[in-house]
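Here the structure is laid out as structure tokens; the discussion comes afterwards.
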Amino acid sequence: MVKLKKNPLAIAGKILIVIFVLVQVYPIFWIFMSAFKTTEEFSLSASYALPQSIHWQNFIDAWTRGRMNIYFKNSAIVTVVSLVFIVLFSTTSAFALTKMRWKLRGKVMSLFLSGIMVPTAVVLIPLYTIYKGMGILNTYSSLVLTYIAFGLSLSIFLLRGYLTAMPDDMMEAAVIDGANIYQVFTYIVLPLLKTGIVTMLVIQFYFRWNDLMFSMTFISDNTMRTVQTGLLFFSDQYGNRNWGAIFACIAISVTPTLAIYVALNKLVIEGMTAGAVKG
């Protein structure tokens, strides 16, 4: 029986993959385990020790005393509303800029793509001044408008890759059969863009849900804070006295991102792979 020689490079690659996975997964595991610890366990046991029991009171304190119910609702509202408009505007814009022929199409596309290169910190003061003049500071509108504006460039760029590789035959056949441009977009383009839209949604959800800079700049009213700014407020309020509740807040904040990725994992991987091949 012939024994196959093991490739040292392959073994080293597998070891590196295992190390990389542990580095990525262990912090999440540690956060959730710490969220179930009592205050005494933080001071009497090692930080990496497992909780002795499931202490659900931390999550109750985080949701009520830490006002995570309010912060979670605010984040959900601004994120969902922003994503709806990002999908609407990015799909129609990418279709118009990729599949429709009209003057200045290239210049408009370059203008949209240039938004990817704009540093976030550069626009904070101008936007704050504009929103203050409009009277929309400490409102959902200030965040929704900003999220849409900063989400469009990347979304159009991603969807453009899918549309560029999409053959025109089916669209031309539909036009010959009497379909107008709106029917072509709704019944032909959108179904073929499903994977790309899901991938774009997951990426945009991650950025909008975890936003800290914009929410800290435009929101100062405690009742309008989002999850990320609420975490800072909660930490300042409790300090070192209730680390279990603080970790519970963090666990609550990362749960939606993890849940969406797990639910849409297959489509996201297919979308990223397809985008890499088609791009």
Next on the checklist: If you apply the rule side chain to side chain donor-acceptor pair (under 3.5 Å), what do you find for Q228 with S215, and how did you get there?
Outcome noted: CA-CA 8 Å; Q228 303 307 322; S215 57; over 6 Å; no

Checklist entry - Is there a donor-acceptor pair under 3.5 Å between the side chain of Q183 and the backbone N or O of N180? => result yes

Next on the checklist: When you compare the side chain of Y147 with that of L83, does any pair of heavy atoms fall below 4.5 Å?
Outcome noted: no

Checklist entry - Do other residues, nucleotides or ligands put more than 12 heavy atoms under 6.0 Å from Q52 CD? => result no

Item to check | Contact summary for G230 and R225, nearest pair of heavy atoms | outcome: N-CB, 4.4 Å

Item to check | F36 ring center near F247 ring center (under 6.0 Å) | outcome: no

Checklist entry - Name the one of I156, I86, L154 that satisfies side chain to side chain contact (heavy atoms under 4.5 Å, CB included) with M200? => result I86

Item to check | Check: T92 side chain, F89 main-chain N or O, donor-acceptor pair, under 3.5 Å | outcome: yes

Checklist entry - Under 3.5 Å, is there a donor-acceptor pair between the side chain of K99 and the main chain of M166? => result yes

Checklist entry - Testing T139, N138, L143 for side chain to side chain contact (heavy atoms under 4.5 Å, CB included) with S141, which one passes? => result T139

Checklist entry - Quick check: does any side chain N or O of D211 sit under 3.5 Å from a backbone N or O of F207, one acting as donor and the other as acceptor? => result no

Checklist entry - Any idea which heavy atoms bring F95 and L163 closest together, and the distance? => result N-CD1, 3.5 Å

Item to check | Near-ring test F214/F150, centroid separation under 6.0 angstrom | outcome: yes

Checklist entry - Between S75 and W209, what is the shortest heavy-atom contact and its length? => result CB-CZ3, 3.6 Å

Item to check | Shortest non-hydrogen contact from S142 toward I219 | outcome: OG-CD1, 4.0 Å

Checklist entry - Between S155 and S90, which heavy-atom pair has the shortest distance, and what is it? => result CB-CB, 3.6 Å

Item to check | Main-chain N/O of Y71 paired to T226 side chain as donor or acceptor, under 3.5 Å | outcome: no

